[in-house]
Amino acid sequence: MSNPTEAARPSRDWRRPLRYLWRLPFLALHLCLGLPLTLLLINPLSARIELRGERLDHRMVRWWSGTLMRIFGFRVRRYGTPLPGAALFVANHVSWIDIELMHSQRMMGFVAKAEIARWPLVGWVASRGGTIYHHRGSNDSLHGVMHQMVQRLEAGQAVGVFPEGRTTRGDAIAVFHARIFQPAVVAGVPAQPVALKYGARGDAQTIVAFGEKESFFANFVRLLGEPSRPAEVHFLEPVAASEDGRRRMADTCRERIIAAMAG
């Protein structure tokens with residue numbers, strides 16, 4: 001995991017205004033041209049068109065997310081191969097940009113808190129990209145989420161979840177909630193753990209993470225001015241659906257992610 005000393009946020013960075021100066025125009029261009037184009041091509045018709053074995057709408061979501069990562073100064077590096085077809089992708093959760101990092105490599109419908117639908121930029125694409133929204137504290141919402149997850153997995157689609165249930169400070173990985181693995185058991189599909197690392201050897205986890213009481217907008221603006229750094233997405237050995245215990249699936253996925261973060 002990251003070293004808190006190495007990941008400490010600098011109190012003064014004179015280059016930050018310069019980064020805003022050249023990144024903001026690219027972000028505006030991506031919003032004004034890239035966003036309408038992406039939303040236009042996420043439709044039932046483009047879903048039937050394939051380019052090099054990938055649906056056009058999925059390719060557009062990956063293009064959108066990959067370009068956004070580059071605008072924010074992240075050099076994306078992928079290790080391992082994401083499972084094709086129906087799979088439950090489970091990852092450690094640091095910040096909102098985790099979704100963009102994973103979407104840059106593999107299209108999947110995420111399970112996310114309902115508040116994300118109201119976030120500018122990210123919320124628009126997330127909704128069109130098939131995000132399943134959960135209203136925290138509502139059992140009816142949770143049952144609905146589980147049902148939608150099973151439907152999508154049984155239809156051969158991929159679903160992405162953050163089993164910690166919330167973003168963390170980035171310096172540790174919380175316990176994985178086993179209940180979120182139940183749809184994979186019901187649908188009989190594997191779960192693939194995914195380790196998300198920011199910075200060299202993951203030393204920027206706490207920088208990318210939300211600060212105490214930091215809002216989405218504040219985190220968005222702060223990350224836009226951060227120095228360029230690598231962002232690694234590790235697709236790890238899948239865990240087969242286990243009838244004898246979703247808890248075992250959750251613990252195995254967490255152990256593999258922790259091992260990858262330390263590697």
Side-chain angles (χ1 to χ4, degrees), residues 41-62 65 80-93 98-99 101-114 116-117 123 125-136 138-165 176-196 233 235-254 256-257:
L41 291 176
I42 301 178
N43 60 66
L45 179 60
S46 63
R48 300 178 182 179
I49 302 173
E50 288 195 3
L51 294 176
R52 298 178 182 176
E54 182 180 19
R55 285 170 40 175
L56 179 58
D57 56 342
H58 290 183
R59 182 175 287 270
M60 285 305 301
V61 170
R62 289 202 308 106
S65 298
T81 303
L83 290 174
L88 182 68
F89 292 92
V90 298
N92 55 305
H93 201 11
D98 299 340
I99 294 177
L101 176 55
M102 292 180 70
H103 262 166
S104 72
Q105 303 301 313
R106 172 72 155 85
M107 176 62 189
M108 61 190 75
F110 278 93
V111 175
K113 60 182 181 181
I116 289 179
V125 179
S127 296
R128 292 294 292 272
T131 297
I132 301 171
Y133 291 112
H134 170 50
H135 295 271
R136 290 181 177 178
S138 169
N139 285 330
D140 288 340
S141 174
L142 180 60
H143 291 319
V145 166
M146 293 294 189
H147 179 67
Q148 290 185 66
M149 289 176 66
V150 171
Q151 283 187 318
R152 294 194 185 185
L153 292 171
E154 290 182 339
Q157 301 175 25
V159 176
V161 297
F162 299 108
E164 292 165 290
F176 280 8
H177 295 289
R179 184 165 47 181
I180 202 67
F181 289 80
Q182 184 63 26
V185 174
V186 173
V189 302
Q192 184 168 29
V194 184
L196 306 179
V233 52
F235 290 95
L236 307 173
E237 181 184 353
V239 178
S242 175
E243 291 290 350
D244 62 348
R246 60 192 185 185
R247 178 77 265 165
R248 181 176 300 177
M249 290 182 70
D251 291 343
T252 302
C253 284
R254 181 173 181 267
R256 291 179 183 176
I257 291 175

Participant: Measure the spacing between CZ of Arg62 and CZ of Arg59 and express it to the nearest 0.5 Å.
Facilitator: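 The CZ atom of Arg59 is 5.5 Å from CZ of Arg62, to the nearest 0.5 Å.
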Participant: Of Gln105, His103, Met102, Met60, which meets side-chain contact (heavy atoms from CB on, under 4.5 Å) against Ser65?
Facilitator: His103
Participant: Between OG of Ser46 and CG of Asp57, what distance do you get to the nearest 0.5 Å?
Facilitator: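 So the OG of Ser46 and the CG of Asp57 are separated by 4.5 Å.
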Participant: Compare every heavy atom of Ala158 with every heavy atom of Gly85, then report the nearest pair and how far apart it is.
Facilitator: O-CB, 3.9 Å
Participant: Run the side-chain contact (heavy atoms from CB on, under 4.5 Å) check on Ile132 and Arg152 step by step: do they pass?
Facilitator: CA-CA 10 Å; Ile132 301 171; Arg152 294 194 185 185; 3.6 Å; yes
Participant: Could you state the interatomic distance from NE2 (His177) to CZ (Arg247), rounded to the nearest 0.5 Å?
Facilitator: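 The NE2 atom of His177 sits 9.0 Å away from the CZ atom of Arg247.
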Participant: Which distance, rounded to the nearest 0.5 Å, do you find between the OG1 of Thr252 and the CD1 of Ile257?
Facilitator: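 So the gap between those two atoms works out to 11.0 Å.
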Participant: Return the minimal non-hydrogen interatomic distance between Pro183 and Arg179, and the atom names on each side.
Facilitator: CD-O, 3.9 Å
Participant: Should Arg55 and Glu50 count as an ion pair when the cut-off is N to O under 4.0 Å?
Facilitator: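 Looking at Glu50 together with Arg55, the answer is no, because their closest N to O distance does not fall below 4.0 Å.
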Participant: Give the C-alpha distance, both sets of side-chain angles, the deciding distance and a yes or no for side-chain contact (heavy atoms from CB on, under 4.5 Å) between Leu88 and Val161.
Facilitator: CA-CA 7 Å; Leu88 182 68; Val161 297; 4.0 Å; yes
Participant: Are the side chain of Arg106 and the backbone N or O of Leu83 linked by a donor-acceptor pair below 3.5 Å?
Facilitator: yes
Participant: Could you tell me the separation between the NE2 atom of His58 and the CG atom of Leu51, rounded to the nearest 0.5 Å?
Facilitator: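 It comes to 12.5 Å.
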Participant: Of the non-hydrogen atoms in Val233 and Val194, which two are nearest, and what is the gap between them?
Facilitator: CG2-CG1, 3.5 Å
Participant: When the ring planes of Phe162 and Phe110 are compared, do they come out parallel, tilted or perpendicular, using 30° and 60° as the limits?
Facilitator: parallel
Participant: What's the shortest heavy-atom distance between Met149 and Ile180, and which atoms?
Facilitator: CE-O, 3.7 Å
Participant: Pair Val159, Met108 - check side-chain contact (heavy atoms from CB on, under 4.5 Å), show working.
Facilitator: CA-CA 5 Å; Val159 176; Met108 61 190 75; over 6 Å; no
Participant: Any chance you could measure Cys253, atom SG, to Arg248, atom CZ, to the nearest 0.5 Å?
Facilitator: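 Between atom SG of Cys253 and atom CZ of Arg248 there are 13.0 Å.
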Participant: Taking all heavy atoms of Met249 and all of Val239, pick out the closest pair and write down the distance.
Facilitator: CE-O, 4.0 Å
Participant: Check for a donor-acceptor pair, side chain of Gln157 on one end and backbone N or O of Ala86 on the other, with a separation under 3.5 Å.
Facilitator: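 Checked: no pair found.
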Participant: Locate the shortest heavy-atom distance separating Gln192 from Leu236; write the atom from each residue and the value.
Facilitator: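 Answer, listing the atom of Gln192 first, then Leu236: NE2-O, 3.0 Å.
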